[in-house]
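Below is one structure, written out as structure tokens; comments come after it.
What you see below is based on every heavy atom in this structure, not just the backbone, and it leaves out hydrogens, waters and symmetry mates. Order of appearance sets the numbers: ligands from 1, and atoms from 1 within every ligand.
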Amino acid sequence: MPYENILVETRGHVGLITLNRPKALNALSDALVTELAAAIDAFEADDEIGCMVLTGSERAFAAGADIKEMASKSYMDVFLSDFITKKWGRAATARKPIIAAVAGYALGGGCELAMMCDFILAADTAKFGQPEITIGTIPGAGGTQRLTRFVGKSKAMEMVLTGRTIDAAEAERSGLVSRIVPAADLVDEALKVAARIASLSRPIVMMAKESVNRAYETTLDEGIRVERRLFHSTFATEDQKEGMAAFAEKREANFKNR
Ligand code: CAA
């Protein structure tokens, strides 16, 4: 499918998706979000791809949902179409890992989209915020829930109630991003990390992702049980045998399933 609002490339075993509506600071229009979901579907189905990177431009990862497109929607429009969760949530349901590489603005739906990814690498120029309150609405793509889990109630509440934007350093301090890299190196660094993940055993990577995600959805006891079952499952794979044999033989593991 030809895309008009995103760029899609493969780099080895990594799928790179670049949001590309520069004139609107990558505002997440319906067309863009539809294309993004299709691109993620395609990479999920592609056996050559082991990990994805989602990025924007130097100026903006994404400045939120498209306010101009959204402004005149009625309650019936948004209720009946289940605006915004359905298509938007595709990044959160991917089984292969997705790294968000964020430079510039990640506001509103942009911040929410980054949080749907498995982790966020931030450029030193990154700015995160949930400014919906300033335009008479609230975060609608998981912001009140995911941001609170990342940064805790106090900071999430302040950000959501005031619309205050935080810079990369504050985002790192509060656990929203895994680390900060110089803006010029952001995409290369994200591709390097993604290539590393793609070089590991695909099923074991998927199990690890599934297990970490359980921590956000269940009790500690239940999460520990899920982890133990998945840990046991790794012993049914040839890659566990290969990984541990390679360690004992002091050589690089040659995983079959990647
Ligand atoms: N929707 C539609 N268009 C947007 C947009 C958005 N979210 N953000 C920026 N744009 C457009 C601007 O309208 C402008 O277009 P024109 O040149 O045609 O006027 C262009 O992008 C450049 O933006 P600015 O001129 O405003 O650039 P700036 O550098 O002065 O400011 C900014 C940058 C602070 C990010 C500012 O654009 C801004 O505040 N954007 C809106 C941020 C926002 O409120 N996001 C939340 C949206 S609601 C949401 O996301 C709901 C949800 O939970 C899913």
Discussion item. For atom 17 (O) of ligand 1, is there a protein heavy atom at a distance under 4.0 Å?
Written reply: no

Item to complete: Before signing off on this row, confirm whether Thr137 and ligand 1 have an N or O atom pair separated by under 3.5 Å.
Response: no

Worksheet item: Considering all protein heavy atoms, does one lie under 4.0 Å from atom 6 (C) of ligand 1?
Response: yes

Worksheet entry | Ionic contact status for Glu158 with Lys155, cut-off 4.0 Å | no

Worksheet item: Could Arg149 and Glu217 be called an ion pair, given the rule that one side-chain N must be under 4.0 Å from one carboxylate O?
Response: no

Practice prompt. Write down the atom of Arg21, the atom of Asn26, and the distance for their closest heavy-atom approach.
Written response: N-OD1, 2.7 Å

Item to complete: Kindly indicate whether atom 26 (O) of ligand 1 is approached by any protein heavy atom to under 4.0 angstrom.
Response: no

Worksheet item: Does Asp239 pair with Arg202 as a salt bridge, N-O distance under 4.0 Å?
Response: no

Discussion item. Out of Thr165, Ile133, Thr134, Leu25, who is nearest to atom 23 (O) of ligand 1 when you count heavy atoms only?
Written reply: Leu25

Worksheet item: Which ILVMFWY residues are connected to Leu161, directly or by a chain of links, through side-chain heavy atoms under 4.5 Å apart?
Response: Met157

Practice prompt. Any ring pair (Phe, Tyr, Trp, His ring centres under 6.0 Å) involving residues 114-171? Give me the pairs, sequence neighbours left out, ordered by first then second residue.
Written response: none

Worksheet item: If two hydrophobic side chains count as joined below 4.5 Å and joins carry through other members, does Leu54 share a cluster with Leu107?
Response: no

Worksheet item: Is there any N or O on Ala65 that sits under 3.5 Å from an N or O of ligand 1?
Response: yes

Item to complete: Using a strict 4.0 Å threshold on nitrogen-to-oxygen distance, state whether Glu222 and Arg225 make a salt bridge.
Response: yes

Fill in: Student check: side-chain heavy atoms of Ile98 and Phe43 closer than 4.5 Å
no

Worksheet item: In ligand 1, which numbered atoms sit nearer than 4.0 Å to a non-hydrogen atom of Ala24?
Response: 4 (C), 9 (C), 10 (N), 11 (C), 21 (O)

Worksheet, complete the sentence: Ile135 heavy atoms within 4.0 Å reach ligand 1 at atoms 48 (S)

Item to complete: Answer yes if Leu7 and Leu25 sit in the same cluster of Ile, Leu, Val, Met, Phe, Trp and Tyr residues linked by side chain heavy atoms under 4.5 Å apart, and no otherwise.
Response: no

Response to the item:
atom 41 (C) of ligand 1: of Val33, Thr144, Ile67, Asn26, the nearest heavy atom sits on Ile67

Item to complete: Sort out for me which residue in Val181, Thr55, Thr18 forms a side-chain contact (heavy atoms from CB on, under 4.5 Å) with Val187.
Response: Thr55

Fill in: Contact check: Gly140 vs ligand 1, nitrogen or oxygen atoms, below 3.5 angstrom
yes

Worksheet item: Do any nitrogen or oxygen atoms of Trp88 lie less than 3.5 angstrom from nitrogen or oxygen atoms of ligand 1?
Response: no

Worksheet item: Is Tyr105 close to ligand 1, meaning an N/O of one under 3.5 Å from an N/O of the other?
Response: no

Worksheet item: Is Pro131 in polar range of ligand 1, meaning some N or O pair under 3.5 Å apart?
Response: no

Worksheet item: For ligand 1, is there an atom lying under 4.0 Å from some heavy atom of Gln130?
Response: no

Practice prompt. Output yes when the distance from some N or O of ligand 1 to some N or O of Gly108 is under 3.5 Å, and no in every other case.
Written response: no

Practice prompt. Show which atoms of ligand 1 fall inside a sub-4.0 Å distance from at least one heavy-atom site of Lys23.
Written response: 15 (O), 20 (C), 21 (O)

Item to complete: Mark up the atoms of ligand 1 that fall under 4.0 Å of a heavy atom belonging to Ile84, in ascending order.
Response: 54 (C)

Discussion item. Taking 4.0 angstrom as the limit and counting only heavy atoms of Pro139, give me the atoms of ligand 1 inside it, by number and element.
Written reply: 53 (O)

Worksheet entry | Proximity flag Arg59 to ligand 1, non-hydrogen atoms under 4.0 Å | yes

